[in-house]
Amino acid sequence: MINCIIIDDEQHAIDLLCEHVKQVQHLNLIATTTDPIKGLELIANLENGLVFLDVQMPNLTGIELLKLIKVDVRVILTTAYSEYALEGFEHAVVDYLLKPIAFPRFLKSVNRLWTKKSSDQFLSEADHYLFVKTDQKGKLLKIDHRLILLIEGLGNYVLIHLVDQPKITAYLKLKDLSDQLSDKGFYRVHKSYLISLRFLTAIEGNSVRLLNVSSSVPIGEVYKQAFFDFVNSKQLGKQ
């Protein structure tokens with residue numbers, strides 16, 4: 001369900017859009033206004049919502065209002081004047097509807113929201129994966145990094161230790177993986193080890209323990225200061 005508001009200085013235009021919105025099950029109309037200033041106030045509380053925004057309005061045009069929006073919302077511009085279309089798209093609006101707005105065209109515009117949402121969801125899901133070159137010629141393996149316990153560097157290749165799966169040999173350097181995974185909950189604790197903080201269970205002196213890993217992982221001298229600074233920043237009840 002997407003919450004939406006309608007901003008248009010003509011009440012009959014609002015009434016028509018209200019009727020269109022009622023026919024789309026996944027739209028929830030929460031407010032309408034003929035005052036663009038009031039509309040800007042409504043938008044401030046519409047995070048991840050949808051705005052049907054008229055272009056030609058007194059005091060503040062739709063394009064001017066568009067430039068003032070500070071929250072993450074989707075905007076569909078509505079107007080009787082096609083010359084504003086290019087400027088609207090320069091501000092990354094979802095679509096541009098010419099009045100009078102027929103329902104089939106309205107529906108096509110709204111459906112673009114779901115196409116984009118699906119695309120964003122795909123990109124978000126794809127961000128959990130990486131592809132690595134294995135010891136089998138021409139073969140790439142897709143790995144969900146959320147299942148990686150640790151990665152062990154062995155010169156020009158690495159051993160990737162996974163949850164409840166065999167280790168994977170990949171022809172990569174540990175530094176390359178460290179750079180790629182550093183913002184995804186992984187930490188370099190040794191020249192030969194990159195660990196997942198998700199599976200870190202304990203720190204014992206100069207080594208760490210990971211869930212489902214029988215032996216401890218050493219903390220290298222070069223990485224010790226940065227790692228313990230990080231740990232101290234997360235520690236509760238420090239004396």
Side-chain angles (χ1 to χ4, degrees), residues 1-2 46-49 69-74 92 113-239:
M1 183 72 71
I2 298 177
L46 191 71
E47 190 75 26
N48 296 316
I69 295 175
K70 303 298 184 184
V71 295
D72 184 16
V73 295
R74 302 287 182 263
L113 286 169
W114 295 101
T115 301
K116 185 180 189 311
K117 184 176 180 182
S118 298
S119 176
D120 289 347
Q121 185 176 9
F122 172 77
L123 290 173
S124 176
E125 187 66 18
D127 196 45
H128 296 313
Y129 296 96
L130 62 152
F131 290 88
V132 297
K133 183 179 180 182
T134 69
D135 53 355
Q136 297 183 40
K137 186 176 180 180
K139 182 176 181 179
L140 294 174
L141 277 182
K142 176 184 174 186
I143 300 175
D144 186 336
H145 68 68
R146 294 169 297 183
L147 301 179
I148 297 175
L149 294 164
L150 75 148
I151 303 172
E152 184 179 355
L154 298 167
N156 290 325
Y157 68 97
V158 296
L159 283 180
I160 301 174
H161 300 245
L162 298 164
V163 178
D164 298 327
Q165 295 180 39
K167 300 174 188 177
I168 293 174
T169 301
Y171 285 87
L172 291 164
K173 291 187 176 181
L174 188 61
K175 183 184 183 305
D176 295 333
L177 283 170
S178 180
D179 292 343
Q180 186 173 349
L181 296 173
S182 61
D183 63 343
K184 295 178 172 59
F186 286 78
Y187 210 98
R188 185 86 175 265
V189 296
H190 189 278
K191 67 177 183 179
S192 300
Y193 293 101
L194 178 68
I195 66 169
S196 170
L197 297 174
R198 177 194 295 260
F199 297 105
L200 175 63
T201 59
I203 301 168
E204 301 172 345
N206 291 323
S207 64
V208 296
R209 287 280 181 182
L210 299 171
L211 187 69
N212 295 334
V213 177
S214 57
S215 58
S216 61
V217 177
I219 301 170
E221 194 65 35
V222 173
Y223 302 87
K224 184 185 298 185
Q225 186 64 54
F227 179 66
F228 280 109
D229 286 347
F230 168 76
V231 171
N232 286 335
S233 73
K234 303 293 183 181
Q235 185 178 343
L236 298 179
K238 292 184 286 186
Q239 299 298 318

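Side-chain atoms are counted along with the backbone in the values below, which use heavy atoms only and exclude waters and symmetry mates. Because the structure is a prediction, the values reported are computed rather than measured.
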- Item | Qualifying residues under side chain to side chain contact (heavy atoms under 4.5 Å, CB included), relative to F228, sequence neighbours excluded |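 If we apply the side chain to side chain contact (heavy atoms under 4.5 Å, CB included) test to F228, skipping adjacent residues, the hits are I203, N206, I219, K224.
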
- Query: What residue among L141, I143, L130 forms side-chain contact (heavy atoms from CB on, under 4.5 Å) with I160?
  - Reply: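 That would be I143; it is the only one of L141, I143, L130 passing the side-chain contact (heavy atoms from CB on, under 4.5 Å) with I160.
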
Above 12 or not: heavy atoms from other molecules or residues under 6.0 Å from [atom1] of [X]?
{"X": "N156", "atom1": "CG", "result": "no"}
{"X": "Y223", "atom1": "OH", "result": "yes"}
{"X": "E204", "atom1": "CD", "result": "yes"}

Any non-hydrogen side-chain atom of [X] less than 4.5 Å from a side-chain atom of [Y]?
{"X": "I148", "Y": "L162", "result": "yes"}
{"X": "L181", "Y": "I151", "result": "yes"}
{"X": "L159", "Y": "T169", "result": "yes"}
{"X": "V213", "Y": "H161", "result": "no"}
{"X": "Y187", "Y": "L200", "result": "no"}

Quick one: pull up [atom1] in [X] and [atom2] in [Y] and give me the separation to the nearest 0.5 Å.
{"X": "L210", "Y": "S215", "atom1": "CG", "atom2": "OG", "answer": "9.0 Å"}
{"X": "F199", "Y": "T201", "atom1": "CZ", "atom2": "OG1", "answer": "11.0 Å"}
{"X": "Y157", "Y": "L174", "atom1": "OH", "atom2": "CG", "answer": "13.0 Å"}
{"X": "S196", "Y": "R146", "atom1": "OG", "atom2": "CZ", "answer": "11.5 Å"}

- Closest non-hydrogen atom pair, A170 against V132: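 Nearest pair, atom of A170 first, then V132: CB-CB, 3.8 Å.
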
- Could you pull out all residues at least two apart from D176 that satisfy salt bridge (charged side-chain N to carboxylate O under 4.0 Å, His left out)?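 Partners of D176 under the salt bridge (charged side-chain N to carboxylate O under 4.0 Å, His left out) test: none.
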
- Task: Only counting residues at least two apart or in another chain, list the ones meeting salt bridge (charged side-chain N to carboxylate O under 4.0 Å, His left out) with R198.
- Result: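 Counting only residues at least two positions away or on another chain, R198 forms no salt bridge (charged side-chain N to carboxylate O under 4.0 Å, His left out).
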
- Task: Indicate yes or no: does K142 engage D144 in a salt bridge with an N to O separation below 4.0 Å.
- Result: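 Salt bridge between K142 and D144, a charged N being under 4.0 Å from a carboxylate O: no.
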
- What's the verdict on side-chain contact (heavy atoms from CB on, under 4.5 Å) for Q180 and F186, showing C-alpha distance, side-chain angles and the deciding distance? CA-CA 9 Å; Q180 186 173 349; F186 286 78; over 6 Å; no

- Message: Strictly distance-based, threshold 3.5 Å: is any side-chain N or O of R209 a donor or acceptor partner for the main-chain N or O of L211?
- Response: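 No: the side chain of R209 does not pair with the backbone of L211.
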
- Could you walk me through whether R188 and Y193 pass side-chain contact (heavy atoms from CB on, under 4.5 Å), step by step? CA-CA 6 Å; R188 185 86 175 265; Y193 293 101; over 6 Å; no

